[in-house]
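What you see is a predicted model, and the numbers here were worked out from it, not measured in a lab.
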Amino acid sequence: MFRKDFKAKGHTQVKSSDRKKLRQQIQQLYPALNDDILSLIIPTGKGEDFTSCKISLSTGDDILVYSTNKTPWFFVVEDTKSKTERILPTVYLLWKCPNLLPLKFHTHRHVFNKLMNGADLMLPGLILPPGSVIPQTFRHVQRDQLCSICLDDNRYPIGIGQTTMDGDDMYMSGMKGRGIALLHIYQDTLWNFGPRTEGPYEKEQRQYFETDQTKVEENVEPACAEASNAISSLNLDEESALVTNSDEPPTHPESMDEILDTIFFYLCQRKAKSYELPLLASHFYTIMQDCVPGLTLDLKLSSHKKFSKFLQHQQQINSLIAIEETKPGVLAISSFNLTKNEQLDSFRTPSWLKNYLSKASDTATAAAAATESERSTTKYIFPDIAELWKTNSRVNEILDCSSSTHYLRPDEIRQAVRAYVIRNNLNSEKQVKLDPILSRLFKTKDAPSTSIGWNELNNAVFNAMSPCTEVAFAHLEQPIRINGHIPPIEIECVDRNRKRQTFIRYLDTYQIDLSELCKRIRQGASVSAVINETDETRRTGRIVMAQGNQISFVIRVLKEDYGVPGKFIKEI
């Protein structure tokens with residue numbers, strides 16, 4: 001709902017009588033809110049700030065957002081089915097009261113990027129209880145029910161959504177399909193409308209899902225009896241095997257500080273020389289996360305709490321890096337100190353990291369093979385582009401063409417002009433005499449004895465014709481003709497709403513798969529890339545938008561992966 005920018009029409013102070021009505025409505029809708037939080041989000045004292053703001057979404061819908069001191073707490077939308085207004089909380093309110101909504105779903109951290117790109121939460125992305133899913137797992141879920149969405153084991157939600165099916169349908173679908181329609185999420189434009197604070201973290205203590213209690217009690221006695229029989233049948237060899245297994249080292253250290261330090265030292269020792277400096281801190285954190293697939297890095301579980309604190313620790317304590325602030329609030333690594341560093345020289349890759357890296361290497365090899373196999377069948381081939389010129393009555397006799405329209409290449413036109421001059425004996429010492437037919441090109445009544453140069457004559461012939469372009473794609477039997485010269489692919493970096501974005505235009509003209517290009521930008525540059533369709537696309541075709549200045553990266557991808565010649569790429 002809030003993936004694209006909206007237009008705000010100003011804040012208006014809410015009357016005290018309207019505040020009381022809102023307070024009563026919210027108390028009825030969300031009984032989990034206590035008086036302290038209610039007083040915070042809807043202050044009733046005189047002079048206290050509580051405003052409403054009408055915003056227009058990109059879809060054309062208008063909604064109301066209620067804020068206190070510019071922090072949006074809830075918004076009002078119209079239910080399309082019942083035609084009634086619904087009061088929905090923002091993530092800022094869910095962080096104050098994480099159990100505000102009775103229904104809560106947890107999803108994996110890597111799913112968050114897909115949700116940010118506008119995708120709804122699919123059932124395969126949910127974190128399920130241990131064991132198999134039974135009909136009672138989702139017995140409490142109703143269709144069109146409001147729910148909160150959390151990441152991994154964090155009890156604080158990062159968004160709200162609405163279920164698209166009830167619990168029985170979820171079970172019968174085999175946990176496939178769209179499960180939750182997303183309404184509002186952390187880092188969308190509504191979150192950006194507020195103070196932009198980061199979400200808190202606290203580990204969820206209770207189960208994500210609760211199964212049927214009667215079914216659990218029915219299975220308690222058989223399970224206990226089975227466990228008792230298994231214990232009594234144990235022999236000394238089995239016990240000794242258990243003791244031996246208990247001495248095995250854990251798959252990875254329990255301390256998040258040790259995990260972060262190990263991955264940081266590994267990257268400094270193996271790959272720091274290949275990085276282009278200055279390196280943004282956010283980009284380097286993405287590199288650390290991608291270094292060990294399957295292992296989640298959570299700064300909230302470390303003693304540093306923030307990545308900037310972690311980098312300052314590596315600069316001050318270990319003297320491995322030098323950091324600087326390129327812009328206010330933007331931190332970057334300016335250099336790596338890799339020589340004569342005792343900590344780095346003594347570092348050895350631990351066994352747990354080697355296991356992760358070997359598994360990641362096997363997975364990456366298999367994925368690369370599958371991707372290469374897929375690309376081999378659908379590899380983009382840049383079309384053959386020919387410049388043509390359309391004949392007309394002014395040049396048909398010169399070019400020895402019939403009265404019908406012809407499309408000629410530039411070299412064919414020059415040869416035909418030369419043949420006409422020689423055939424009519426009009427050439428004279430690198431000059432051409434103008435006869436009545438050639439004089440019509442210049443719209444002049446000069447005598448035929450007037451002479452001009454060959455270049456001037458050729459330019460006059462071309463100026464009298466209309467240019468067009470013939471584009472021959474490998475997958476099409478017939479080429480496509482475009483009036484005029486074919487526009488190059490335009491790449492422009494602009495600043496909008498305090499954000500820098502890269503726009504790529506005229507990709508549809510070359511029939512480049514925009515979804516595939518967005519995917520390569522996301523994977524290669526670690527930034528968001530989406531397809532945008534606006535009024536401007538009537539002239540340029542659909543536009544690809546990428547976060548940040550990605551001009552050099554996009555040019556490299558177009559040239560190396562798509563084979564686009566440099567003359568068909570234009571940097572604005």
Side-chain angles (χ1 to χ4, degrees), residues 380-491 505-512 536-542 558-559 562-572:
Y380 175 82
I381 300 176
F382 190 77
D384 293 328
I385 299 177
E387 181 185 17
L388 301 180
W389 295 83
K390 185 178 178 181
T391 64
N392 52 46
S393 59
R394 295 178 61 190
V395 297
N396 278 340
E397 190 173 351
I398 300 173
L399 302 179
D400 196 18
C401 297
S402 62
S403 58
S404 60
T405 301
H406 291 268
Y407 295 90
L408 302 177
R409 296 192 305 270
D411 58 334
E412 294 175 337
I413 296 173
R414 293 187 181 92
Q415 291 176 5
V417 171
R418 188 173 186 84
Y420 174 84
V421 171
I422 294 174
R423 186 168 60 248
N424 293 278
N425 297 321
L426 300 176
N427 56 322
S428 174
E429 297 180 357
K430 299 181 180 182
Q431 296 286 317
V432 177
K433 297 178 182 179
L434 294 181
D435 63 0
I437 296 176
L438 294 180
S439 297
R440 286 188 312 208
L441 298 175
F442 301 92
K443 298 180 180 180
T444 178
K445 296 182 179 179
D446 293 342
S449 58
T450 303
S451 300
I452 61 173
W454 281 97
N455 289 336
E456 189 177 356
L457 174 61
N458 288 328
N459 291 335
V461 173
F462 281 110
N463 291 334
M465 302 170 69
S466 301
C468 66
T469 307
E470 187 176 78
V471 186
F473 292 95
H475 62 282
L476 297 179
E477 295 182 359
Q478 297 295 330
I480 300 174
R481 283 185 181 144
I482 303 173
N483 291 329
H485 300 289
I486 188 171
I489 299 174
E490 292 183 356
I491 307 175
R505 304 182 181 91
Y506 293 106
L507 292 168
D508 283 334
T509 305
Y510 299 86
Q511 297 190 9
I512 292 177
E536 182 186 0
T537 60
R538 297 177 183 177
R539 178 179 62 87
T540 66
R542 294 174 299 168
L558 291 176
K559 288 184 177 180
Y562 291 89
V564 181
K567 65 179 180 179
F568 295 108
I569 301 175
K570 181 180 179 181
E571 179 182 345
I572 300 179

When rounded to the nearest 0.5 angstrom, what is the spacing between CD1 in Ile385 and CD1 in Ile486? 4.0 Å

Non-hydrogen atoms of Arg394 and Arg440 that approach each other most closely: NH2-O, 3.5 Å

Please name the pair of heavy atoms, one in Thr391 and one in Cys401, separated by the smallest distance, quoted to 0.1 Å. CG2-SG, 4.3 Å

Take Ile413 and Val395, measure what side-chain contact (heavy atoms from CB on, under 4.5 Å) needs, and give me the verdict at the end. CA-CA 10 Å; Ile413 296 173; Val395 297; over 6 Å; no

When every non-hydrogen atom of Pro488 is compared with those of Tyr506, the smallest separation belongs to O-CD1, 3.5 Å

Shortest non-hydrogen contact from Gly484 to Thr469? O-OG1, 2.9 Å

For residues Arg481 and Leu388, report the shortest heavy-atom separation together with the two atoms involved. NE-CD1, 4.1 Å

If the test is side-chain contact (heavy atoms from CB on, under 4.5 Å), which one of Val417, Asn424, Ile422 qualifies with Tyr420? Asn424

Any cation-pi pair here, Arg414 with Trp454, using under 6.0 Å and within 45°? no

Evaluate the ring-ring contact (aromatic ring centres under 6.0 Å, His included) criterion for residues Phe382 and Phe568: first the C-alpha distance (whole Å), next the side-chain angles of each, then the deciding distance (0.1 Å), finally the verdict. CA-CA 11 Å; Phe382 190 77; Phe568 295 108; 5.6 Å; yes

Nearest heavy-atom contact between Arg542 and Asp508 is N-OD2, 2.9 Å

Output the distance between atom CG (Leu457) and atom CZ (Phe462), rounded to the nearest 0.5 Å. 10.5 Å

Quick one: pull up CD1 in Ile398 and CE in Met465 and give me the separation to the nearest 0.5 Å. 10.0 Å

Within 6.0 Å of CD in Glu397, more than 12 heavy atoms from elsewhere: no

Euclidean distance, Ile491 CD1 relative to Lys570 NZ, rounded to 0.5 Å: 12.0 Å

Could you tell me if the side chain of Leu476 sits less than 4.5 Å from the side chain of Gln511, heavy atoms only? yes

Would Val564 and Tyr510 count as a side-chain contact (heavy atoms from CB on, under 4.5 Å) here? Give the steps. CA-CA 9 Å; Val564 181; Tyr510 299 86; 5.8 Å; no

Gap between atom CD of Gln415 and atom CG of Asp400 - 0.5 Å precision: 13.0 Å

Return the CD1 to CZ distance between Ile480 and Phe473, rounded to the nearest 0.5 Å. 5.0 Å

Would you say Ile572 has more than 12 foreign heavy atoms packed within less than 6.0 Å of its CD1? yes

